[in-house]
Protein chains: 2
Amino acid sequence: MPKRSPAATLDDIALHAQVHKTTASRALDPARRHMISPEVVRRVEAAARALNYRVNRAASALRTGRSGTVGVLLPDITNPVFPPILRGIEQALAAEGFFVMVADTGHEQSPDEAADRMLAQRVEGLIVATSSLRDPLVRRLSQDQAKVVLVNRRDEDGLLPSVVSDDILGMKLAVDHLVAQGHRRIAHLSGPLGLSTGALRKAGFEQALAAHGLQAAGHAECTAYSFEAGEDGARRLLDAGASFSAVVAANDLLALGAIQALQAQGRCVPDDVSVVGHNDMPLMDRVFPALTTVRILHYEMGYRAARLLLDSLRGVPGTTSTVVLRPELVVRGSSAPPA
Amino acid sequence: MPKRSPAATLDDIALHAQVHKTTASRALDPARRHMISPEVVRRVEAAARALNYRVNRAASALRTGRSGTVGVLLPDITNPVFPPILRGIEQALAAEGFFVMVADTGHEQSPDEAADRMLAQRVEGLIVATSSLRDPLVRRLSQDQAKVVLVNRRDEDGLLPSVVSDDILGMKLAVDHLVAQGHRRIAHLSGPLGLSTGALRKAGFEQALAAHGLQAAGHAECTAYSFEAGEDGARRLLDAGASFSAVVAANDLLALGAIQALQAQGRCVPDDVSVVGHNDMPLMDRVFPALTTVRILHYEMGYRAARLLLDSLRGVPGTTSTVVLRPELVVRGSSAPPA
DNA sequence: CTGAAAGCGCTAACAA
DNA sequence: TTGTTAGCGCTTTCAG
């Protein structure tokens, strides 16, 4: 078999184009090309094409300390909220020539370990969607002076910049909608309270009820943002004898699980019980009944998080801010006035 | 603000542990640790911990030519088939200490450009889910002698190793099911015929019909694997005056779009027309009507693709194979005997 | 078992 | 505008 020719280096180009490799390096870098005469640029580019040259980013990363990569820590890419976030991140970064290294830190790997390995890879920054409210990882990372942005999560002390949806407002939209429909006995299916989304949405739910002079007709904390956890949570709510005409879930999957549990007990949605979700994940308009939910701009969330990180890498000051995006209510078939 | 202390290097460790940096390097590498006395290993490890040392992978990549990264090219991560594939890839690679660099090559970036940039990053291999049947990218990559595995796609000439579902069998399962229910006039909504999935599923559909002595009751090619494209395709089928009691779509999103189009024309699914999808994407059991579909093992597909690539990187011979996974039929509410 | 030397490919600093 | 020199941090010889 034909021996694999080793990749061309700057020295090869220099030889071919009859210039010094430094000159070649400059000629190939748009940012430094202006120092070089057009004629030489032309020759170097021709040589680069002829030899199928590609910079060795490993080498330039070593020299410059910039790898052109950013790490993204996700708890579970198969959870439908994350793909659009990742897409937003990826597009914002790709536009600036950066690459995304993803780690799905669900089962095998711990986020800490993954973060460590990524820092060893010399990612220039980290976007974290896995952190809980008081997360030791967050502390460690800020000590390491790593550039970090949280997405769809925030830390308790607000040490780190983050991009989130306005969870308080989101729950207010849901509650106001149900109250306007005439509901008075409204229960809540919360996410894990160790996550900022879980805690904030629960708080938002209670605040919104209080504003109407109401109290929660029941609450169950779900252990994860999954269909099964929602099913289980709703079952616990029912078993506890809670009486409610509507449920606000902290997440669409929880809402779907709740609908399943309600239907299993012979309750009809929305005739007997209204259900409102949160996120407006894809296909929520196609499930049955179509889910009334709070839409979050996931793509935008990812995009903004990446922009925030890029700004911080460029040393733009004042980037320790938190971006809060405004959610909106999407009314569909799963909510209706009480019987 | 406190000046950021530069990351510790092997020299720092060497100094701290009173050994040569070569020794430190060996002591920290499990694969070479055995050359070093336990006492020295202990000292080096202590120093590493004390100084919060992390290898600089950029440096070791430069030295060894191995970056510990693999590139993944996806057409659209928000398409629900890809997250489980990506997850499978990620888990297989993470288990071997590799990282995944993703590029979503939908709009902004072309796959070619992304592949080039990834090769510049010195990824050790590429997993490609974007390629069409005769893709110049594929040719280029094989010329570059880059290590490449296709996933959920194959190339026309079978030059590259790939992991796919058995599309012919999948369509046979769908058709056999409908025929068994009594359907005789069955139409096909294909994916883009430039993709291997589009072409093979169409072929499988026709073969399966022929085996029953039947012919297609109509066919429309959809321009993409999306809800809208399915809606449009079904509309074209109807406008063309095709008469059918069942439709087999090459993809679940196409099937959902088709259901939408059928319902818009006042046809009921499954009473008037049965619809079968392909992929069994998440939530297909929750849409209305719940979708009968051909289940593909996406996670496994990704996992196997990554394993194939890893084997090839390790120089295991005979890795130019194609892995074909067996799909299964999942019968739900969208298919029923014809009226 | 440990150390010395060299060099992967690149770019920043300095010199001409 | 171009060239020279040096060195980023690591690992692989080769020598002790």
Side-chain angles (χ1 to χ4, degrees), chain A residues 5-45 47-48 51-69 97 117 119-124, chain B residues 5-45 47-48 51-69 97 117 119-124:
Chain A
S5 55
T9 72
L10 271 184
D11 275 317
D12 299 327
I13 306 256
L15 205 64
H16 193 102
Q18 314 256 51
V19 293
H20 193 266
K21 67 171 167 182
T22 304
T23 306
S25 172
R26 290 180 181 130
L28 291 173
D29 177 359
R32 288 177 298 152
R33 215 203 302 290
H34 63 89
M35 305 172 162
I36 306 295
S37 73
E39 158 60 11
V40 169
V41 168
R42 205 192 48 66
R43 250 165 45 219
V44 170
E45 281 184 332
L51 302 179
N52 195 20
Y53 173 77
R54 268 187 283 259
V55 263
N56 185 330
R57 297 288 270 119
S60 68
L62 177 57
R63 178 65 236 241
T64 64
R66 276 171 284 108
S67 64
T69 61
R117 287 176 51 223
L119 292 173
Q121 287 279 0
R122 293 304 189 265
V123 295
E124 295 187 41
Chain B
S5 56
T9 72
L10 272 185
D11 276 317
D12 299 328
I13 307 251
L15 204 65
H16 193 102
Q18 314 257 52
V19 292
H20 194 266
K21 67 171 168 185
T22 304
T23 307
S25 171
R26 297 202 261 245
L28 292 173
D29 178 0
R32 287 177 298 154
R33 214 203 303 291
H34 62 90
M35 305 173 162
I36 306 294
S37 73
E39 158 59 12
V40 169
V41 169
R42 205 194 48 66
R43 254 170 37 223
V44 170
E45 280 183 333
L51 302 180
N52 195 20
Y53 173 77
R54 267 187 284 260
V55 262
N56 185 331
R57 298 288 271 115
S60 69
L62 177 58
R63 179 66 237 242
T64 64
R66 274 171 286 108
S67 64
T69 61
R117 287 176 50 223
L119 292 174
Q121 288 278 1
R122 293 305 189 264
V123 295
E124 296 187 39

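What you see is a predicted model; the values in this text were computed from it and never measured. Letters A, B, ... are given to chains in the order of the sequence lines, protein chains preceding strands, and every chain is numbered from 1.
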Value in whole Å for how far the [atom2] atom of [N] lies from [atom1] of [X]:
X: B:R63; N: D:dG7; atom1: CZ; atom2: P; answer: 19 Å
X: B:R54; N: D:dG9; atom1: CZ; atom2: P; answer: 15 Å
X: A:N56; N: C:dG9; atom1: CG; atom2: C1'; answer: 6 Å
X: A:L51; N: C:dG9; atom1: CG; atom2: C1'; answer: 15 Å
X: B:L28; N: D:dC10; atom1: CG; atom2: C1'; answer: 12 Å
X: A:R122; N: D:dG9; atom1: CZ; atom2: P; answer: 8 Å
X: A:L62; N: D:dC8; atom1: CG; atom2: C1'; answer: 4 Å

Out of [options], whichever nucleotide has its closest atom nearest the side chain of [X]:
X: B:Y53; options: C:dG3, D:dC10, D:dT12; answer: D:dC10
X: B:S60; options: D:dG9, C:dT2, D:dT11; answer: D:dT11
X: B:R66; options: D:dG7, D:dG3, D:dT12; answer: D:dT12
X: B:T22; options: C:dG3, D:dG9, C:dC10; answer: C:dG3
X: B:S37; options: C:dG9, C:dC1, D:dG9; answer: C:dC1

Is any side-chain heavy atom of [X] closer than 4.5 Å to a side-chain heavy atom of [Y]?
X: B:R42; Y: B:V44; answer: no
X: A:L28; Y: A:L10; answer: yes
X: A:N56; Y: A:T9; answer: no
X: B:R32; Y: B:S25; answer: yes

Rounded to the nearest 0.5 Å, how far apart are [atom1] of [X] and [atom2] of [Y]?
X: A:L62; Y: A:S67; atom1: CG; atom2: OG; result: 11.5 Å
X: B:D29; Y: B:H34; atom1: CG; atom2: NE2; result: 8.5 Å
X: B:M35; Y: B:R26; atom1: CE; atom2: CZ; result: 6.0 Å

Could you tell me, to 10°, how much the axis swings from one end of the helix from C:dC1-D:dG16 to C:dA16-D:dT1 to the other, five pairs per end?
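Inter-axis angle at the ends, rounded: 30°.
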Given side chain to side chain contact (heavy atoms under 4.5 Å, CB included), test B:T23 with B:I36 step by step and report yes or no.
CA-CA 7 Å; B:T23 307; B:I36 306 294; 3.9 Å; yes
For residues 14-22 of chain B, please give each side-chain donor-acceptor pair under 3.5 Å, one per line with the distance, not counting sequence neighbours.
from, atom 1, to, atom 2, distance (Å)
B:H20, ND1, B:T22, N, 3.0
B:H20, ND1, B:T22, OG1, 3.0

Using a 4.0 Å cut-off on heavy atoms, which residues in residues 8-21 of chain B reach DNA chain D? List them by number, or say none.
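Residues of residues 8-21 of chain B that come under 4.0 Å of DNA chain D are, in numerical order, B:T9, B:L10, B:K21.
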Quick one about A:T69 and A:R122 (side-chain donor to acceptor, distance below 3.5 Å, no hydrogens or angles considered), yes or no?
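No - no donor-acceptor pair under 3.5 Å links their side chains.
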Distances under 3.5 Å between protein N/O atoms and the N/O atoms of nucleotides 14-16 of chain C, please, pair by pair.
none

Can you tell me if the side-chain N/O atoms of A:S25 get under 4.0 Å from OP1 or OP2 in C:dC10?
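The answer is no; no side-chain N or O of A:S25 sits under 4.0 Å from OP1 or OP2.
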Are any of B:T64's side-chain N or O atoms less than 4.0 Å away from OP1 or OP2 of D:dT11?
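No, no such contact exists.
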By salt bridge (Lys or Arg N to Asp or Glu O under 4.0 Å) - contacts of B:R54 (at least two apart)
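Checked B:R54 against salt bridge (Lys or Arg N to Asp or Glu O under 4.0 Å); matches are A:D116, A:D144.
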For A:E45, enumerate each residue passing the salt bridge (Lys or Arg N to Asp or Glu O under 4.0 Å) test, keeping only those at least two apart in sequence or located in another chain.
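If we apply the salt bridge (Lys or Arg N to Asp or Glu O under 4.0 Å) test to A:E45, skipping adjacent residues, the hits are A:R33.
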